[in-house]
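Note on naming: letters A, B, ... go to the chains in the order of the sequence lines (proteins, then strands), and numbering restarts at 1 for each one. What you are looking at is a predicted structure, and each value in this text was computed from that prediction instead of being measured.
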There are 4 protein chains.
Amino acid sequence: MTAPIRLLIHGASGRMGQALLRLCNESGNCQVVAAVTRKSPPQRVVDGVPFFAASELSGVPAFDVAIDFSLPEGFDPVLALCVARRAALVSGTTGLSEAQRGELASAASVIPVLWASNFSLGVAVLNELVERAAVALKGWDVDVVEAHHAQKKDAPSGTALTLGEAAAAAGAHVSYASLRAGDIIGEHTVQFSGPGERIELVHRAGSRDIFARGALHAASRIAGKPPAAYRVRDLLD
Amino acid sequence: MTAPIRLLIHGASGRMGQALLRLCNESGNCQVVAAVTRKSPPQRVVDGVPFFAASELSGVPAFDVAIDFSLPEGFDPVLALCVARRAALVSGTTGLSEAQRGELASAASVIPVLWASNFSLGVAVLNELVERAAVALKGWDVDVVEAHHAQKKDAPSGTALTLGEAAAAAGAHVSYASLRAGDIIGEHTVQFSGPGERIELVHRAGSRDIFARGALHAASRIAGKPPAAYRVRDLLD
Amino acid sequence: MTAPIRLLIHGASGRMGQALLRLCNESGNCQVVAAVTRKSPPQRVVDGVPFFAASELSGVPAFDVAIDFSLPEGFDPVLALCVARRAALVSGTTGLSEAQRGELASAASVIPVLWASNFSLGVAVLNELVERAAVALKGWDVDVVEAHHAQKKDAPSGTALTLGEAAAAAGAHVSYASLRAGDIIGEHTVQFSGPGERIELVHRAGSRDIFARGALHAASRIAGKPPAAYRVRDLLD
Amino acid sequence: MTAPIRLLIHGASGRMGQALLRLCNESGNCQVVAAVTRKSPPQRVVDGVPFFAASELSGVPAFDVAIDFSLPEGFDPVLALCVARRAALVSGTTGLSEAQRGELASAASVIPVLWASNFSLGVAVLNELVERAAVALKGWDVDVVEAHHAQKKDAPSGTALTLGEAAAAAGAHVSYASLRAGDIIGEHTVQFSGPGERIELVHRAGSRDIFARGALHAASRIAGKPPAAYRVRDLLD
């Protein structure tokens with residue numbers, strides 16, 4: 001048995017941070033060695049996990065991968081820490097500036113990094129399947145249909161656009177349709193329509209936990225990889 | 001056993017007319033007593049069915065129901081014939097003028113008439129189910145998604161709009177999405193999304209024969225009914 | 001504005017009881033006047049709701065409907081209370097004996113009662129749609145496909161059998177298929193297959209809260225109804 | 001522009017043979033140089049295609065690929081002809097004996113051969129996608145659901161079993177469900193169920209022409225390949 005991956009959870013008091021702390025024991029080979037919150041944590045140790053305030057970041061123990069779901073203002077310190085420690089960074093923090101994206105790209109020459117908007121394992125697999133199908137089914141019509149809860153403003157979803165680009169890369173013309181209804185967590189269908197037959201590739205999210213699980217999966221795979229910018233799908237089995 | 005319904009097929013050389021002649025034997029209780037074509041028919045009798053040119057319309061034998069899939073210019077004579085003979089009229093002729101629609105409405109006080117854009121039995125049932133569900137699921141979001149072949153120009157399909165109106169009649173806000181892809185004959189989904197649960201009502205057309213079958217089904221049910229304007233769904237079992 | 005329905009929640013410490021207490025405020029016109037737990041409640045009042053032990057049942061204040069998700073041994077007292085108070089009873093308690101079912105049937109001549117294994121609003125609507133479709137689509141093949149989490153032992157699900165019976169009542173031959181996979185909460189599809197076309201009626205459960213919501217909906221509708229044994233679908237809008 | 005692939009259609013009077021002759025012009029780079037029927041053909045040339053009786057097989061002109069949808073007794077001569085001419089063989093003839101399968105395997109060291117039970121392009125792609133997904137989604141439950149017309153006797157379909165084996169090869173436990181209803185040409189769904197998310201991979205056949213199209217596609221790809229036994233999916237783009 002190999003030693004467990006040592007994780008730093010950055011943004012530990014947010015919704016994703018809490019899900020990461022709750023789910024990290026599901027996969028046997030992870031151990032949270034530090035949970036970092038923006039402000040001073042109410043308790044120093046919770047369920048055996050030591051907590052740190054963002055201002056104490058430099059004093060965290062050794063770790064292999066930082067998982068960051070925080071705010072743009074918290075991103076630079078955790079990136080710098082990972083570079084200094086030669087640890088990997090997995091980040092889903094949204095709203096990064098152009099400059100921050102540039103720093104992330106630069107860091108990829110020193111450490112393994114992964115930034116993604118959707119960490120679901122299933123969506124990563126779906127992206128790969130769509131790319132493959134689009135090559136084999138040249139000339140077929142491609143439609144991406146996505147459904148999300150009524151409160152979601154943007155359409156098509158970022159995930160739908162990524163799926164469409166995977167098909168478009170093979171030359172397909174891609175159309176989009178978006179449904180906003182009820183409390184649907186997220187469903188994406190990519191339909192390939194050819195003469196007399198169709199293929200439908202569907203992903204259904206039943207719980208928001210899949211995003212935390214996917215981030216943990218990615219963290220467990222990225223540890224020890226050569227420095228580079230990875231995508232979730234680069235870390236699939 | 002009851003006597004078979006005596007049918008007049010008006011527009012017998014068109015695509016629908018040919019399908020009607022081919023399929024009328026499927027249901028045991030129909031008999032085509034006259035097939036009427038716009039121009040002189042090449043043969044006077046085909047498979048036991050007597051053919052007539054439109055100019056010979058007044059000379060056709062007694063019939064119970066005329067099924068008309070012809071052109072606007074052929075509509076007035078067959079309507080007049082049905083009124084004169086006190087026979088029912090089932091018509092799917094498109095492009096009727098306002099005046100012709102008025103004549104049809106007037107005729108409904110004398111004979112049973114039915115005009116429809118979609119004669120599929122399944123779509124008629126779906127309309128009824130949507131209307132019922134929309135009443136019972138008040139406050140749920142309603143989406144109508146339809147898919148047709150890439151050549152279809154108008155969107156949403158007329159059938160999708162009818163389905164949406166069935167839901168809107170119960171006060172639902174209805175959204176539409178249309179896919180145009182491959183050679184899909186026609187698929188309609190009405191999705192009701194509530195808190196924590198969804199209902200999807202789907203119709204899939206696998207063959208264009210369903211429109212001819214539906215017209216024959218309607219003809220077999222409308223015969224002998226009181227004068228009125230019927231919808232396909234009014235003639236369901 | 002009408003006075004709110006006064007509810008007694010029987011089995012308030014169970015999973016369903018807790019969901020009922022949590023969700024009863026969603027619909028504006030319910031008020032929990034008593035929550036009854038098997039043993040002495042740790043607190044006498046929680047969020048304004050008075051709690052009682054089962055042994056104190058006779059002392060609860062006036063109520064309109066009791067919602068009971070308890071155990072067979074708790075059923076007789078709450079039924080007797082409802083009869084004595086002339087209040088309605090909505091129960092989802094499983095494992096009732098034949099004798100208890102008999103008592104429930106007898107009580108239906110005095111008070112409105114409803115016992116169901118599935119309180120989802122959507123499933124109740126689906127049952128009604130299936131029954132209607134089966135009559136209109138005579139001769140079409142009917143398949144009921146259901147999917148549930150891998151831990152569910154029985155197959156087909158009770159809900160699938162009820163749906164199948166709704167179709168069989170119209171003379172349809174019904175086939176069943178069951179999937180046991182992942183953590184699917186519950187999906188039921190009833191497919192009607194005719195010549196050249198199909199109708200699929202689908203229900204997807206995304207959250208177990210729908211069962212509590214359905215029970216609350218039923219309670220709000222059953223209050224004030226004449227004595228009788230009702231089904232969830234008898235109380236739809 | 002390259003020279004067209006020269007095809008020999010063996011079994012030209014059967015249902016598949018007729019579809020092959022009808023559809024071979026869809027793809028621009030095929031030319032039927034000989035159509036072979038079991039008995040003497042009623043006409044020597046139809047639409048520019050020369051017809052031959054099976055007894056005249058040795059006299060057919062030069063060809064690149066033979067497409068064989070005939071009977072077991074016709075298989076040996078066409079295989080021998082292909083070997084003698086060093087042409088490729090694409091066969092969908094069912095009911096071959098063990099000995100005939102052995103001969104086919106031996107011939108694969110001399111010419112490119114392909115035998116398949118399902119030539120649909122979409123199903124070939126689906127097989128590949130399933131194999132990929134099963135590797136990336138280890139530990140997820142896999143269900144294969146197929147639907148065919150009510151007359152189909154065997155279940156699960158051969159295609160469903162092949163799809164299931166593609167998933168099982170990656171270690172997945174696979175369950176099967178079969179629906180027999182209406183006149184469904186063929187639908188196959190492979191569902192992967194993991195914690196909180198699902199992927200569904202669906203193929204829908206809308207026309208039997210897809211099998212002839214797939215065979216023509218395979219023929220156009222196999223011409224000029226090195227001797228070996230190919231699968232449809234080995235010849236995808």
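- Dense packing is recorded around CZ of Arg101(C), with more than 12 heavy atoms of other residues, nucleotides or ligands lying under 6.0 Å away.
- Of all residues in residues 134-147 of chain D, those placing a non-hydrogen atom less than 4.5 angstrom from a non-hydrogen atom of chain C are Asp141(D), Asp143(D), Val145(D).
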Quiz prompt | Worked check of side chain to side chain contact (heavy atoms under 4.5 Å, CB included) between Ile184(D) and Ser193(C) | solution = CA-CA 8 Å; Ile184(D) 300 171; Ser193(C) 305; 4.1 Å; yes
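- The environment of CZ in Arg233(C) is crowded: more than 12 heavy-atom neighbours from other residues, nucleotides or ligands sit within 6.0 Å.
- Within 6.0 Å of CZ on Arg22(C) lie more than 12 heavy atoms contributed by other residues, nucleotides or ligands.
- No side-chain donor-acceptor contact under 3.5 Å links Asp183(C) to the backbone of Pro195(D).
- At most 12 non-hydrogen atoms from other residues, nucleotides or ligands lie less than 6.0 angstrom from CG of Asp47(D).
- Heavy-atom neighbours of His149(C) NE2 from other residues, nucleotides or ligands within 6.0 Å: above the threshold of 12.
- Counting heavy atoms of neighbouring residues, nucleotides and ligands inside a 6.0 Å radius, atom CZ of Arg180(D) exceeds 12 of them.
- Counting all heavy atoms, side chain and backbone alike, Leu179(C) lies closest to Ala177(D) at CD2-CB, 4.1 Å.
- Once rounded to the nearest 0.5 Å, the distance linking CZ of Arg198(D) with CD of Glu187(C) reads 4.0 Å.
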